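Below is one structure, written out as structure tokens, with a few remarks after it.
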Amino acid sequence: MRITQGTFSYLPDFTDDEIKAQINYALEHGWPLSVEFTDDPHPRNTYWEMWGLPMFDLKDAAGVLLEVNACRAAYPNSYIRLNAYDSGLGRQTTALSFIVNRPAEEPGFRLERAERADRRIGYTTYAYATERPVGQRYEAP
């Protein structure tokens, strides 16, 4: 199962040149970038771990791609995303966010159905990966 989160989630994974083109687009608009990673990509898990600090002062795409590749080297079996922030509306908002690295195998989610009061049905998703300990979720069993 392929996790689909972010701006380009339904497209094939980007090459480094395509990632660099998106970084240039963000920098041309004055959007600072940050790199984040996780081994729990649940749709409600919006707080991923930050790789370093947001890059407010970088103006070259090569510097941002260097940080992406450093994160890839440190966490090759994690999801890594690149975020661009826009403060043009007087508050910091995410203008662009997309996954730049994913594990080789993505086990997916299960959907659990629960009957609730007044004949209502509730659904909850659970990532199969979370059945394994943190740091070992996407390694070969």
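Fair warning: this is a prediction, and the values are worked out from it, not measured in the lab.
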Salt bridge flag under 4.0 Å for residues Lys20 and Asp60
no
Hey, is the main chain of Arg120 close enough, under 3.5 Å, to the side chain of Asp118 for a donor-acceptor pair?
no
Polar side-chain atom of Glu18 near backbone of Thr15 as donor-acceptor pair, under 3.5 Å
yes
When you compare the side chains of Thr93 and Tyr85, does any donor N or O come within less than 3.5 Å of an acceptor on the partner?
no
No-hydrogen, no-angle side-chain donor-acceptor test under 3.5 Å, Asn83 and Ser97:
yes
With rounding to the nearest 0.5 angstrom, report the [atom1] to [atom2] distance, [X] to [Y].
X: Ile99; Y: Thr38; atom1: CD1; atom2: OG1; value: 10.0 Å
X: Met50; Y: Ser34; atom1: CE; atom2: OG; value: 4.5 Å
X: Thr94; Y: Asp86; atom1: OG1; atom2: CG; value: 9.5 Å
X: Asp39; Y: Trp48; atom1: CG; atom2: CH2; value: 10.0 Å
X: Cys71; Y: Asn101; atom1: SG; atom2: CG; value: 7.5 Å

Please enumerate all residues that pass salt bridge (Lys or Arg N to Asp or Glu O under 4.0 Å) together with Glu36, with sequence neighbours excluded.
Arg81
Is there a path from Leu96 to Phe56 through hydrophobic residues (I, L, V, M, F, W, Y) whose side chains come within less than 4.5 Å of each other?
no
Answer yes or no: are there more than 12 heavy-atom neighbours, outside Glu112 itself, under 6.0 Å from its atom CD?
yes
Tell me whether Tyr47 at atom OH has more than 12 heavy atoms from other residues, nucleotides or ligands lying less than 6.0 Å away.
no
Do [X] and [Y] make a side-chain contact, defined as non-hydrogen atoms from C-beta onward lying under 4.5 Å apart?
X: Val64; Y: Leu82; value: yes
X: Ile23; Y: Leu33; value: yes
X: Thr124; Y: Leu111; value: no

Test Arg113 against Ile121 for side-chain contact (heavy atoms from CB on, under 4.5 Å), laying out the working first.
CA-CA 7 Å; Arg113 177 182 165 167; Ile121 305 293; 3.5 Å; yes
For the pair Arg72 and Ile80, evaluate side-chain contact (heavy atoms from CB on, under 4.5 Å) and give the outcome as yes or no after the intermediate values.
CA-CA 7 Å; Arg72 282 177 176 164; Ile80 301 172; 3.9 Å; yes
Verify the ring-centre separation between Phe37 and Tyr79: is it less than 6.0 angstrom?
no
Stepwise side-chain contact (heavy atoms from CB on, under 4.5 Å) test for Tyr75 and Asn77
CA-CA 6 Å; Tyr75 299 99; Asn77 292 319; over 6 Å; no
